[in-house]
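FYI, the numbering just counts along the sequence from 1.
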Amino acid sequence: MTRLVVAHAAVVAVPVLAVFLVLGLWLLALPVALVVAVGVTVWRTRGIDARVARTIDARPVDDDEAPRLAALAETMAMAVGVPVPRLWLIESESGNAVSWGVSNGPSNLAVTTGLLETTDLIGLEAVVGHQLSVVHGRAVEVVTLAAALFGPFARGPLAPVVASLVGADVQQQVERADIAGARTTRYPPAMVGVLDALRSAPTRLEAIPPALTGLCFAAPHHHEGPFSVHPPLDDRIDLLREI
């Protein structure tokens, strides 16, 4: 987290510093560059939760609209040891879920309507357990912050550089979360069943930017890229069957 903030501040400060040096304003260069870097960094971290929700076309959902999801979120949050997440819905036939957040308070959990409609109770419990396990591992915070700070640079030739700041451990978090999600349900075949169903079901979410791929339960894009962190479904299933 600190590395991301420092890197972003440096990206902002360097051009400002260069401009002031070119103008010959030596005494003002460093303090102005620092003030601008801190200001822009703080500004870009404000309102991240709502910005991500708008980006992925998620809308808030209450307990009355999705009582099954609300009950599972509360139960799984207690089992994993994280605050109960804020709940959102994504209108999509795809079977997927997204978690995000950067603060010490509640994270956010969005599920697609397709997942709610096609997944049984124990399978949905496994997915929620998976997503909250990623929250517990703090990979969600890293990816969310990286996308918020470096979103404009998450495409094109700079994308690999931004992806490297997120860290290689995000992919490992996905695999560990599969196991953790399966164990919180005390029934690993539930997670296997969900992943097996996704072999023939869509998981694509067009609204997910490349930099937010690591926040999803399943790969939201068919193409590979520097932000692709999801192992093949077959590998995830094989790993779970070893438990």
Give a yes or no on whether the backbone of [Y] and the side-chain of [X] come within a donor-acceptor separation of less than 3.5 Å.
| X | Y | result |
| --- | --- | --- |
| T144 | V102 | no |
| H230 | P220 | no |
| H130 | I179 | no |

How many angstroms lie between [atom1] in [X] and [atom2] in [Y], if you round to the nearest 0.5 Å?
| X | Y | atom1 | atom2 | answer |
| --- | --- | --- | --- | --- |
| D57 | W88 | CG | CH2 | 12.0 Å |
| R204 | C216 | CZ | SG | 12.0 Å |
| L205 | E93 | CG | CD | 11.5 Å |
| L30 | L21 | CG | CG | 9.0 Å |
| L195 | D178 | CG | CG | 5.5 Å |
| D196 | R236 | CG | CZ | 12.5 Å |

Item to check | Trace of the side-chain contact (heavy atoms from CB on, under 4.5 Å) decision for V52 with L212 | outcome: CA-CA 9 Å; V52 171; L212 295 181; 4.2 Å; yes

Does any non-hydrogen side-chain atom of [Y] lie less than 4.5 Å from one of [X]?
| X | Y | value |
| --- | --- | --- |
| V128 | L109 | yes |
| M191 | I237 | no |
| S107 | V135 | yes |
| L124 | L72 | yes |
| W100 | D49 | yes |
| I56 | I90 | yes |
| T119 | V194 | yes |
| L240 | P188 | no |

What are the two closest non-hydrogen atoms of [X] and [Y], and how far apart are they?
| X | Y | result |
| --- | --- | --- |
| R68 | L116 | NH2-O, 2.6 Å |
| E91 | T113 | OE1-CG2, 3.4 Å |
| A110 | A58 | CB-CB, 4.3 Å |
| A37 | A9 | CB-O, 3.3 Å |
| V134 | A177 | CG2-CB, 3.3 Å |
| T112 | G95 | OG1-CA, 3.8 Å |

Next on the checklist: Side-chain heavy atoms under 4.5 Å apart, restricted to Ile/Leu/Val/Met/Phe/Trp/Tyr: what other residues fall into the cluster of L25, or is it alone?
Outcome noted: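 In the cluster with L25 are V12, V16, V19, F20, L23, L28, V32, V36, V40.
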
Item to check | Other cluster members, Y187 - Ile/Leu/Val/Met/Phe/Trp/Tyr, side-chain contacts below 4.5 Å | outcome: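 Members other than Y187 - counting any ILVMFWY side chain reachable under 4.5 Å - are I122.
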
Item to check | Cluster overlap V84 with V61, hydrophobic side-chain contacts below 4.5 Å | outcome: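 Unlinked, V84 and V61 end up in two clusters.
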
Checklist entry - Is there a chain of hydrophobic side chains (I, L, V, M, F, W, Y, each step under 4.5 Å between heavy atoms) that links L121 to L115? => result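 Linked within one cluster.
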
Item to check | With T203 via side chain to side chain contact (heavy atoms under 4.5 Å, CB included) - residues at least two apart | outcome: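 Checked T203 against side chain to side chain contact (heavy atoms under 4.5 Å, CB included); matches are N96, L198, A218.
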
Checklist entry - Sequence neighbours excluded, which residues qualify as salt bridge (charged side-chain N to carboxylate O under 4.0 Å, His left out) partners of D63? => result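 Result, salt bridge (charged side-chain N to carboxylate O under 4.0 Å, His left out) vs D63: none returned.
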
Item to check | Qualifying residues under salt bridge (charged side-chain N to carboxylate O under 4.0 Å, His left out), relative to E74, sequence neighbours excluded | outcome: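 E74 satisfies salt bridge (charged side-chain N to carboxylate O under 4.0 Å, His left out) with no other residue.
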
Item to check | salt bridge (charged side-chain N to carboxylate O under 4.0 Å, His left out) contacts in which one or both residues fall within residues 111-133, not counting sequence neighbours | outcome: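 As it turns out, there is no salt bridge (charged side-chain N to carboxylate O under 4.0 Å, His left out) pair with a partner in residues 111-133 once direct neighbours are skipped.
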
Item to check | NZ/NE/NH1/NH2 to OD/OE distance under 4.0 Å, E65 and R59 | outcome: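 Yes, charged N to carboxylate O under 4.0 Å.
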
